[in-house]
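One structure below.
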Amino acid sequence: MNIGLIGSGGREHALCQKIFESKFSKKIICFPGNAGTSQIAKNIKIDILDFKEILKQIKFHNIELVIIGPEEPLVKGLVDFLRKNKVKVFGPSKYASKLEGSKAFMKNFCKLNKIPTANYQVCQDKKQVKSFIKKNNLPLVVKADGLAAGKGVTICSTENQILKISEEIFKGKFKSSKKVVLEEFITGEEASYFVIVDKKNFKFFGTAQDHKRVREKDKGKNTGGMGAYSPAPVVNKKLEKKILNKIVKPTLSYLKKIKNPYTGFLYVGLMIKKNEPYLIEFNVRMGDPECQVILPRLKTDFVKIIKNTINNKLKNTKIEWNKKKCMTIVMCSKGYPGKYLKNRLIKNLDKLKLKKIDFLFHAGTKSNNNKIYSNGGRVLNFTSIGDNFLTIRKRILKLMKKLSWKSGFYRKDIGWKIIKKNENN
Ligand code: AMP
Ligand code: GLY
């Protein structure tokens with residue numbers, strides 16, 4: 001079948017690779033894709049929020065199945081729009097996407113369904129902010145209610161900082177919403193848990209650990225993600241049971257009950273404190289770069305899983321995983337996450353000697369006259385699978401060093417918390 005894929009990041013290149021490997025796929029069309037996807041699919045330059053143009057292209061290319069990577073088209077209702085136009089599409093509805101699209105919605109949803117999460121208040125003015133500060137200890141977490149491209153969360157250790165950041169959000173710093181969610185700060189270990197969901201059932205779809213800060217030892221500014229590994233050892237069987245019973249099942253049951261069943265990938269962002277899971281965030285899609293470490297471990301035909309999910313046949317679909325571990329390190333353009341170098345030539349990519357255990361996923365890249373240039377802050381994802389994280393990391397770092405891209409930088413300590421704890425990890 002012809003398959004359409006929406007998005008242009010490393011996540012989408014990893015998805016594209018799995019679609020390419022499927023026995024069900026004929027032609028893959030990426031909207032708009034990147035230099036990596038262009039090697040295995042047809043890229044079409046398009047604004048991914050121009051739903052009518054997307055529909056036109058879907059019809060023109062006889063696309064029978066559409067998979068959506070990023071959050072923005074989901075939150076803005078692309079799934080509902082395509083379904084109304086009789087296109088088969090994988091992803092959650094506009095309503096269900098509010099779990100990511102509005103932090104206020106998500107927190108109220110948690111309260112209603114008794115899902116463990118940080119104490120919070122949705123604030124619309126300074127008075128409400130001050131009242132929450134009075135009742136809680138510092139630090140506190142200030143969050144913009146709506147989508148903010150990973151820039152909406154600040155951990156604040158002073159009252160002045162909380163007031164300043166809240167004020168900026170009230171004044172419309174983020175176009176998506178002027179509301180603020182104030183939260184207590186939870187200390188613990190972070191982990192991400194993924195499920196794939198159809199109207200009737202759900203199945204486990206991996207665990208991973210992202211590294212959001214730009215500098216080593218998790219210091220510096222927040223980014224989209226500087227590297228990840230899978231599986232996340234912190235999620236053991238006992239904890240998994242709690243995650244399912246306290247978070248995943250109540251969420252999916254409630255949405256079913258109110259006749260808005262969830263479908264698609266659900267990303268459960270957690271903080272683990274004293275062996276108890278607290279929900280930090282829901283994302284209504286795969287993570288980026290988490291997807292790049294989960295998909296290489298998937299053994300089952302990816303398109304078969306997606307087809308069965310769309311047809312609500314997930315229950316009898318066996319999803320098999322490789323027992324090996326996977327890590328990805330993100331090569332960024334110098335300056336990221338601030339103002340970064342743009343449009344820089346990346347030489348020698350084709351000279352890297354990759355083995356079957358290596359995957360070079362492109363993120364912000366574009367090709368021009370057979371040459372590859374950077375086209376974003378996060379540029380390449382060097383990914384490998386193996387038996388332990390320390391060896392995998394050494395292998396990836398060697399490859400990155402070989403590329404020797406002068407405009408790039410990367411963290412050399414991905415996995416530092418678990419590698420330090422246990423050299424066998
Ligand atoms: P979010 O966009 O909600 O995932 O927040 C970004 C990052 O901020 C998370 O990955 C956590 O590291 C941190 N964070 C968010 N909320 C909290 C919280 N209530 N307590 C501690 N850390 C948090
Ligand atoms: N890596 C974090 C995210 O995809 O939201």
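We use all heavy atoms of the structure for the numbers below, so side chains are in, but hydrogens, waters and symmetry mates are not. Everything numeric in this text was worked out from a predicted model, so none of it was measured. All residue numbers in this chain count up from 1 along the given sequence.
- Using a cut-off of 4.0 Å between Lys/Arg side-chain N and Asp/Glu carboxylate O, Asp387 and Lys324 are scored as salt-bridged.
- Side chain of Arg378 to main chain of Met331: no donor-acceptor pair is present (N/O by atom type, distance under 3.5 Å, no hydrogens or angles).
- Judged by distance alone, with hydrogens and angles left aside, the side-chain atoms of Ser22 form a donor-acceptor pair with the main-chain N or O of Phe24 at under 3.5 Å.
- Note on residues 101-110: pairs passing salt bridge (charged side-chain N to carboxylate O under 4.0 Å, His left out), not counting sequence neighbours, are Lys107-Glu183.
- The pair Lys18-Glu21 counts as a salt bridge, with a side-chain nitrogen and a carboxylate oxygen less than 4.0 angstrom apart.
- Within the structure, the salt bridge (charged side-chain N to carboxylate O under 4.0 Å, His left out) test picks out the following pairs touching residues 236-259 (sequence neighbours left out): Lys237-Glu240, Lys242-Glu276, Lys246-Glu276.
- Under a 3.5 Å cut-off, the side chain of Glu290 and the backbone N or O of Met286 do not form any donor-acceptor pair.
- No side-chain heavy atom of Ser374 sits under 4.5 Å from any side-chain heavy atom of Leu341.
- Taking the side chain as every heavy atom from C-beta outward, Ile29 and Gln57 never approach each other to under 4.5 Å.
- Residue pairs that meet the salt bridge (charged side-chain N to carboxylate O under 4.0 Å, His left out) test with at least one member in residues 84-93, sequence neighbours left out, do not exist here.
- Remark: Asp145 does not engage Lys178 in a salt bridge, criterion side-chain N to carboxylate O under 4.0 Å.
- Using a cutoff of 4.0 Å between basic side-chain nitrogens and carboxylate oxygens, Lys179 and Asp125 are not scored as salt-bridged.
- Put simply, CD1 on Ile28 and CD1 on Ile40 are 5.5 Å apart, with the number rounded to the nearest 0.5 Å.
- Here Arg411 does not pair with Glu216 in a salt bridge; the nearest charged N to carboxylate O distance is not below 4.0 Å.
- Rounding to the nearest 0.5 angstrom, the gap separating the OG1 atom in Thr300 from the CD1 atom in Ile305 is 4.5 Å.
- With hydrogens and angles ignored, the 3.5 Å screen pairs no side-chain donor or acceptor of Ser8 with any backbone N or O of Gly33.
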(request) Run the numbers on Leu99 and Thr251 for side chain to side chain contact (heavy atoms under 4.5 Å, CB included), then give the verdict. (result) CA-CA 10 Å; Leu99 287 177; Thr251 300; 4.0 Å; yes

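- In this structure the side chain of Val330 never reaches within 4.5 angstrom of the side chain of Leu380, judged on heavy atoms.
- Formation of a donor-acceptor pair under 3.5 Å by the Lys203 side chain with backbone atoms of Val197 is not found in this model.
- Summarising the geometry, atom CD1 belonging to Ile115 is positioned 10.5 Å from atom OH belonging to Tyr254; distances are rounded to the nearest 0.5 Å.
- Ring planes of Phe205 and Phe265: tilted class, angle from 30 to 60°.
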(request) Check step by step if side chain to side chain contact (heavy atoms under 4.5 Å, CB included) holds for Ile54 and Val66. (result) CA-CA 10 Å; Ile54 291 176; Val66 177; 5.9 Å; no

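- Donor-acceptor pairing under 3.5 Å is recorded for the side chains of Thr37 and Asn43.
- Using modelled atom types, no side-chain atom of Glu167 and backbone atom of Leu163 make a donor-acceptor pair closer than 3.5 Å.
- Under 4.0 Å is where a charged nitrogen must lie from a carboxylate oxygen, and between Lys299 and Glu320 no such pair does.
- Here the side chains of Ile346 and Tyr373 are not in contact, with every heavy-atom distance at 4.5 Å or above.
- Taking a 6.0 Å sphere around CZ of Arg83, one finds it holds more than 12 heavy atoms contributed by other residues, nucleotides or ligands.
- Checked by atom type and distance alone, the side chain of Arg297 pairs as donor or acceptor with a backbone atom of Asn322 at under 3.5 Å.
- Looking at residues two or more places apart in sequence or on another chain, you find a ring pair (Phe, Tyr, Trp, His ring centres under 6.0 Å) between Tyr95 and Phe105.
- Residues passing the side chain to side chain donor-acceptor pair (under 3.5 Å) test with His362 are Thr365, sequence neighbours excluded.
- The number of heavy atoms from other shown groups lying within 6.0 Å of CG (Asn275) does not exceed 12.
- At distances below 3.5 Å, at least one donor-acceptor pair connects side-chain atoms of Arg393 with backbone N or O atoms of Ile414.
- Atom NZ in Lys94 sits 12.5 Å away from atom CG in Asn260 (nearest 0.5 Å).
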(request) In sequence, state the C-alpha distance, the side-chain angles, and the governing distance for Phe202 and Ile196, and then conclude on side chain to side chain contact (heavy atoms under 4.5 Å, CB included). (result) CA-CA 6 Å; Phe202 73 88; Ile196 184 166; over 6 Å; no

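- Panel note: side chain Thr223, backbone Pro337; no donor-acceptor pair is recorded below 3.5 Å.
- If you look at His13 and Phe359, their ring centroids are not closer than 6.0 Å.
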(request) Determine, step by step, whether Leu295 and Phe302 satisfy the side chain to side chain contact (heavy atoms under 4.5 Å, CB included) criterion, reporting the C-alpha distance in whole Å, the side-chain angles of both residues, the deciding distance to 0.1 Å, and the verdict. (result) CA-CA 9 Å; Leu295 285 187; Phe302 179 68; 4.1 Å; yes

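- For the salt bridge (Lys or Arg N to Asp or Glu O under 4.0 Å) test, no residue two or more places apart in sequence or in another chain qualifies with Lys307.
- We find that Lys417 and Glu189 are not joined by a salt bridge, their nearest charged nitrogen and carboxylate oxygen being 4.0 Å or further apart.
- Here the closest non-hydrogen pair linking Leu140 and Asn137 is CD2-O, 3.4 Å.
- In this structure, Lys143 and Val180 have side chains that are not in contact, with every pair of non-hydrogen atoms separated by 4.5 Å or more.
- Ring geometry for Phe204 versus Trp321: interplanar angle over 60°, hence perpendicular rather than tilted (30 to 60°).
- A donor and an acceptor atom, one from each side chain of Asn343 and Lys366, are located under 3.5 Å apart.
- No side-chain heavy atom of Leu78 sits less than 4.5 Å from a side-chain heavy atom of Asp80.
- Using modelled atom types and a 3.5 Å distance limit, the side chains of Ser384 and Asp358 yield a donor-acceptor pair.
- The ring pair (Phe, Tyr, Trp, His ring centres under 6.0 Å) test with Tyr267 is passed by exactly one of Phe282, Tyr193, Phe194, Tyr262: Phe194.
- Side chains of Arg344 and Ser333: a donor-acceptor N/O pair is absent below 3.5 angstrom, by distance only.
- Put simply, the side chain of Asn375 never gets that close to the backbone of Asn34: no donor and acceptor are under 3.5 Å apart.
- Judged purely by distance below 3.5 Å, without hydrogens or angles, the side chains of Tyr120 and Glu184 never pair a donor atom with an acceptor atom.
- Asn108 CG to Lys98 NZ: the interatomic distance, rounded to the nearest 0.5 Å, is 11.0 Å.
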(request) Determine, step by step, whether Glu53 and Lys56 satisfy the salt bridge (Lys or Arg N to Asp or Glu O under 4.0 Å) criterion, reporting the C-alpha distance in whole Å, the side-chain angles of both residues, the deciding distance to 0.1 Å, and the verdict. (result) CA-CA 5 Å; Glu53 186 57 31; Lys56 219 167 100 185; 3.6 Å; yes

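- For Glu64 and Asn2, the side-chain atoms include no donor-acceptor pair closer than 3.5 Å.
- The side-chain heavy atoms of Glu72 and Ile48, taken from C-beta on, include no pair separated by under 4.5 Å.
- Under the 6.0 Å distance and 45° angle rule, Lys334 does not count as a cation-pi partner of Phe409.
- By the 4.5 Å heavy-atom criterion applied to side chains, Val142 and Val153 are not counted as neighbours.
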